[in-house]
Amino acid sequence: MDRIVYIVMDKVIIKAPAKINLFLKVLGRRTDGYHDIHSLFQAVSLFDELEIRISNGPDINLRVSGNSEIPTGVDNLVFRAARLMQDRFGFDSGFEIDLKKRIPVSAGLGGGSADAAATIFGINRLLDLGLDSKAMARLGLEIGSDVPFFFSSGQAEVTGRGEKLNNVELPLDYSILLVTPALAISTKGAYEALKMPLTSPADIIKLFCFKDFKDLVTGLGNFGNDFETRHCELYSELVEIRDALINIGAELFRMSGTGPTMFGLFGDIPEGEGSHQLGRRDWQTDWVNPITLPAWD
Ligand code: C5P
C-alpha cells in the first residue's frame, strides 16, 4: 500500500489510515497525568486523504470535507501538527491543507492522529527537512499519544503512553467490520473514570506470534479492552452492536480504543456482507482489511 498518492514540487497528497486496537490494557496512572498502556495496534484500510500545499503567507488554512462537524482551527490535530512544524523549524511559509474525512471522528479509530502523522510527514517531504520516522514519531507524540503508531509498520505492540512501539508480524488473512454508533465518548473522561492507582508498570515481555487468523482469534481470547465492560454498561447501544456482530458470525468482537467503534473479525465476509442485517441505520459500518504500512523514511 502506498501512502503517498501524489507529490510535486509544492504539493503532496497522502492517505492516512485508521487503526484498531486488537486488545488494550491500561496498566496504571502515571505522574504526568497519562496512563501506561499495553496494546496491539493494527492499521486498517479506511483512509482519510490530505492534500498539503505550501503557501506564500504564514497562515495555515485548513478545509475539511466529508464531515461538517470537524473544527478547522487549533482544535484540529492537523492544524496543530502544521503549527508545530512551523514553530519547531522556524519557516515563514504557511500551508493550504485540504482534508477529506472518511474515518469516523472521536471513535477510537485514531483518525485525527493518523491525519496529524500525515501532516508531519507531508511537511517533512515538502520542505525537505530530512526527518526520519523516529524523529517524526517524537514530534507526533507532542500532538497525541496515538500519533507515533502511524510511523510504524502498521502492526505494533504498543506500550508507554503510546510511544513505545515494537513492530510485530500479524496475519492479514481476514476481514474486519467496523461499526460506529453516534455516541460521543471523551478519551480523557474514559481514562479518568478508570480511577487507576499510580503505578510503575513492570517491563512487559510478551512476544506475539500468531501465524494465521485462527491463531490470532485464539490468542486474542486472553486479552480484551479495559474500557469495554464499563462502556457497555453505560451505553446499551454497544451491547446491541456486540450482539449484532455475533449474529452475523464475527469470530471475535471488541471495542477499539476508548470507543465507541466496535469491530468484528471475520475469516470470511458473510453472505450479503452482513452489515445490512445489523439493523440500525444510524450506525456507520465499514468493511476493511488489516494492512501494513510502508516505511516513511
Ligand atoms: O494523547 P491524547 O491527547 O490523545 O490523550 C487525550 C487524553 O487521554 C489525555 O489528556 C489523557 O487524559 C488521556 N490519556 C491517558 N493515557 C494515555 C492516552 C491518553 O491518560 N496513554
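Atoms within a ligand are numbered from 1 in the order they appear, just like the ligands themselves. Reckoned from all heavy atoms, side chains included, excluding hydrogens, waters and symmetry mates.
Per-residue contacts place Gly144 under 4.0 angstrom from the following atoms of ligand 1 (heavy atoms of the residue considered): 1 (O). The ligand atoms of ligand 1 that sit less than 4.0 angstrom from a heavy atom of Gly33 are 20 (O).
With respect to atom 21 (N) of ligand 1, the closest heavy atom belonging to the protein is His35 O, 2.9 Å. Nearest protein heavy-atom neighbour of atom 4 (O) of ligand 1: Ser145 N, 3.9 Å. Nearest protein neighbour of atom 12 (O) of ligand 1, counting heavy atoms only, is Lys188 CG, 3.3 Å. The protein non-hydrogen atom at the shortest distance from atom 13 (C) of ligand 1 is Tyr191 CD1, 3.5 Å. For atom 8 (O) of ligand 1, the nearest protein heavy atom (residue, atom name, distance) is Thr187 CG2, 3.5 Å.
Ring pair His38/Phe23 is perpendicular by interplanar angle, where above 60° counts as perpendicular and below 30° as parallel.
Side-chain atoms of Asn166 and Lys164 include no donor-acceptor pair closer than 3.5 Å.
Both the backbone and the side chain of Tyr34 come within 4.0 Å of ligand 1, judged by heavy-atom distances.
The cationic atom of Arg161 (NZ for Lys, CZ for Arg) lies less than 6.0 Å from the six-membered ring centre of Tyr34 and within 45° of the ring axis.
Residues satisfying the side-chain contact (heavy atoms from CB on, under 4.5 Å) test with Asp226, not counting sequence neighbours, are Lys25, Val26.
Aromatic ring centres of Phe266 and Trp287: separated by under 6.0 Å.
One finds a salt bridge joining Arg88 and Glu142 here, because a Lys/Arg side-chain nitrogen approaches an Asp/Glu carboxylate oxygen to under 4.0 Å.
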